[in-house]
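First the proteins, then the strands, lettered A, B, ... as listed; each starts at 1.
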2 protein chains.
Amino acid sequence: MNREDERHLYLRVADQLRERIRSGELQEGDRLPSVPGLAADLGISRSTASEALKVLVSEGLAVARSGSGTFVRLPREPQRLIRAWYRSTPYGSPFMQDMDRQGREAGWTYESQTVQAPSEIRDRLGLDEPTGDVEDVVRTDYVFSADGEPVMLSTSWEPLAVTRGTPIVLPEDGMLAGQGVAERMLSIGVPIDDWVEEVGARLGTAEECERLRHAPGSILVTIQRTYYSGDTQVETADIVVPADRFTLVYSGKMGRVSGPDQ
Amino acid sequence: MNREDERHLYLRVADQLRERIRSGELQEGDRLPSVPGLAADLGISRSTASEALKVLVSEGLAVARSGSGTFVRLPREPQRLIRAWYRSTPYGSPFMQDMDRQGREAGWTYESQTVQAPSEIRDRLGLDEPTGDVEDVVRTDYVFSADGEPVMLSTSWEPLAVTRGTPIVLPEDGMLAGQGVAERMLSIGVPIDDWVEEVGARLGTAEECERLRHAPGSILVTIQRTYYSGDTQVETADIVVPADRFTLVYSGKMGRVSGPDQ
DNA sequence: TCGAATTTGTGCGTATGTATC
DNA sequence: GGATACATACGCACAAATTCG
């Protein structure tokens, strides 16, 4: 298990703790030895003990709670997030459906503001160069949670050219709040025909990890989703989910053309 | 940009450095200020300066080279890998098509062997418990390259129950070598109707990173692909691509059922 | 409600090892 | 070899969060 007899003290201490987790001696939710405790037991400095615990946290095997302790957190089998079936449904957003299917309680918080779209978003929405300081999109930041635990972040951008003057300018306002983009757009006569998702992965920023209550440096799966009505983009969103919690499931029929440009 | 006026010194220093990268003052490959340099310039301790640089490294914006310095490493614009259009085509595998479209020269090496499927693969292929030591799948390991550079690894599993006694038992043998699974299966009267891809991300193992000529610890996007003919699985594959090189593009029409179990 | 004890996190200092130039 | 750089390891102090009596 050990590589090259491990020159560094903090790595050896981390190995030792990891082994106690692997063997089952320390179980999910158990408290790991405290920094001062470890230091005293092993005759090492508190800094070194702290470094060792940080290794486990960065590996996702533990979470540190300030003032309380460091606790074992075994990686769960990632949940499947279905992203290609039944995309349009009259009852709630795709996320809610997915959580329902898995018997978990979905929740979300959001914050909308009207802004001028940055250039990357302009590209994705097919907007022309801005004229002066005109605000031309509604940006909504979501935090989605399952059983009260934050699990997905999303930033949605909707062009005011599409929604201005309609009852759904603010996504989470009015009768169709929480209904998903497709239903809201349909209600103002803009049916969404096609979707495109661009999937990647990267390390989470400090801010993202904090909002997801994840260790800094966690791997995130990123989705850039764009919705089309005919040939025009009517919404685009940046979605991130922690890679250790979710896998995305796409599916389709073979040999069919199913993209927006055909 | 800053949240809650950033209580912590090392985070403020990190912000400052990040801003110098974002603004273009520090470019790809440039050396960031050294730990002692930062400490002297800003009147902070070396430990704090070191912590600030670690933040950028953990965000993937910089790499630290012991004895040399810490250098800016901007993420490259990833290539798009189309995974939902024109899945079945008579001319070459989906990977070849994709590279063609981008004007890059596709290549691959492979190695096939007949083995007994491990339990996880049995699940994915819907195989029963093995009887003794019977070998029941053909496993093929691929390394795909673009312009001579390795960019994608794939391990494919095909049940012998489907291909035994046919000319395509070995994927890269005979007339249909390099033609993709769908064409090969079709040639023996097994049309592939549906595909399912499960997408995740994780750190690459040392071996994977080496085979991809990537730095150890790179983030990989993982795909578990399964092909169905009717209700039976006829192939499954584990595909990995470096997250800094590729994003995956999926697309579809809204509100259609397009999965294998409907 | 308050305070004492504990724990993590941050920040400072120093020293040493080792890689790079 | 010498200078410089990062990484590890030690020490200490204090702040902030949590727990518990």
Side-chain angles (χ1 to χ4, degrees), chain A residues 2-17 26 29-73 205-207 209-211 213-218, chain B residues 2-17 21 26 29-73 215-217:
Chain A
N2 290 1
R3 313 166 56 74
E4 47 168 332
D5 60 311
E6 210 83 74
R7 282 172 313 173
H8 295 302
L9 181 52
Y10 76 106
L11 290 175
R12 291 202 307 271
V13 175
D15 284 346
Q16 185 181 320
L17 293 170
L26 291 169
D30 285 357
R31 220 187 70 179
L32 287 157
S34 72
V35 169
L38 257 188
D41 288 354
L42 303 180
I44 60 179
S45 75
R46 281 183 292 233
S47 327
T48 306
S50 174
E51 284 300 318
L53 286 167
K54 270 186 204 163
V55 171
L56 297 194
V57 170
S58 81
E59 287 172 348
L61 279 175
V63 281
R65 283 204 286 268
S66 185
S68 176
T70 306
F71 300 83
V72 176
R73 182 182 167 290
T205 65
E207 185 196 330
C209 291
E210 193 193 3
R211 291 174 73 192
R213 313 250 173 90
H214 250 64
S218 302
Chain B
N2 289 359
R3 311 171 54 73
E4 47 169 328
D5 61 311
E6 210 83 75
R7 280 170 313 174
H8 296 302
L9 180 54
Y10 76 107
L11 290 175
R12 291 203 306 271
V13 175
D15 284 346
Q16 186 181 320
L17 293 170
I21 294 173
L26 292 169
D30 285 357
R31 219 187 70 180
L32 287 157
S34 71
V35 170
L38 257 188
D41 288 353
L42 303 179
I44 60 177
S45 76
R46 281 183 295 238
S47 328
T48 306
S50 174
E51 284 299 319
L53 286 168
K54 270 186 205 165
V55 171
L56 297 193
V57 170
S58 83
E59 287 172 350
L61 279 175
V63 281
R65 284 204 286 269
S66 186
S68 176
T70 306
F71 300 83
V72 177
R73 182 184 168 286

Within this structure, what is the CG-to-P distance between B/Leu38 and D/dA5, rounded to whole angstrom? 11 Å
Can you check the B/Lys54 NZ to C/dG11 C1' distance for me, whole Å? 13 Å
Nearest 0.5 Å, what's the CG-CG distance between A/Leu53 and A/Leu61? 12.0 Å
Between CG on residue B/Asp15 and NE2 on residue B/His8, distance to nearest 0.5 Å: 12.0 Å
Just how far, in rounded Å, is C1' of D/dA9 from CG of A/Leu42? 14 Å
Counting only side-chain N and O atoms of A/Ser34, is one of them less than 4.0 Å from OP1 or OP2 of C/dT7? yes
Do nucleotides 14-21 of chain C as a string where each nucleotide becomes B, S or -: B if the base has a protein heavy atom under 4.0 Å, S if just the sugar-phosphate does, - if no protein is that close. B----BB-
From CG of B/Leu53 across to P of D/dC6 the rounded distance in Å is 7 Å
Taking the side chain of A/Leu9 as heavy atoms from C-beta outward, which of D/dA9, C/dT8, C/dG11 is closest to it? D/dA9
What's the closest nucleotide to the side chain of A/His8 if the choices are D/dA9, D/dC6, C/dG11? D/dA9
Test side chain to side chain contact (heavy atoms under 4.5 Å, CB included) on B/Lys54 and B/Ser58; report intermediate values, then the result. CA-CA 6 Å; B/Lys54 270 186 205 165; B/Ser58 83; over 6 Å; no
Rounded off to whole Å, could you give me the OH-to-C1' distance for the B/Tyr10 and C/dG9 pair? 8 Å
Whole-Å distance, B/Glu51 CD to C/dG13 C1', equals 15 Å
Given side chain to side chain contact (heavy atoms under 4.5 Å, CB included), test B/Leu9 with B/Glu51 step by step and report yes or no. CA-CA 10 Å; B/Leu9 180 54; B/Glu51 284 299 319; over 6 Å; no
Determine the sole option in B/Leu32, B/Leu17, B/Thr70 for which the side chain to side chain contact (heavy atoms under 4.5 Å, CB included) test with B/Leu38 is passed. B/Leu17
A/Val63 vs A/Val57, side chain to side chain contact (heavy atoms under 4.5 Å, CB included): CA-CA, chis, key distance, verdict: CA-CA 5 Å; A/Val63 281; A/Val57 170; 6.0 Å; no
For D/dA5, does either OP1 or OP2 sit under 4.0 Å from a side-chain N or O belonging to B/Thr70? no
Kindly point out which of D/dA9, C/dG9, C/dG13 is positioned nearest to the side chain of A/Ala64? C/dG9
Give a yes or no on this: more than 12 heavy atoms of other residues, nucleotides or ligands lie within 6.0 Å of atom CZ of B/Arg73. no
Could you check whether A/Ser50 gets within reach of a base, just the sugar-phosphate, or nothing at all, counting any heavy atom under 4.0 Å? nothing
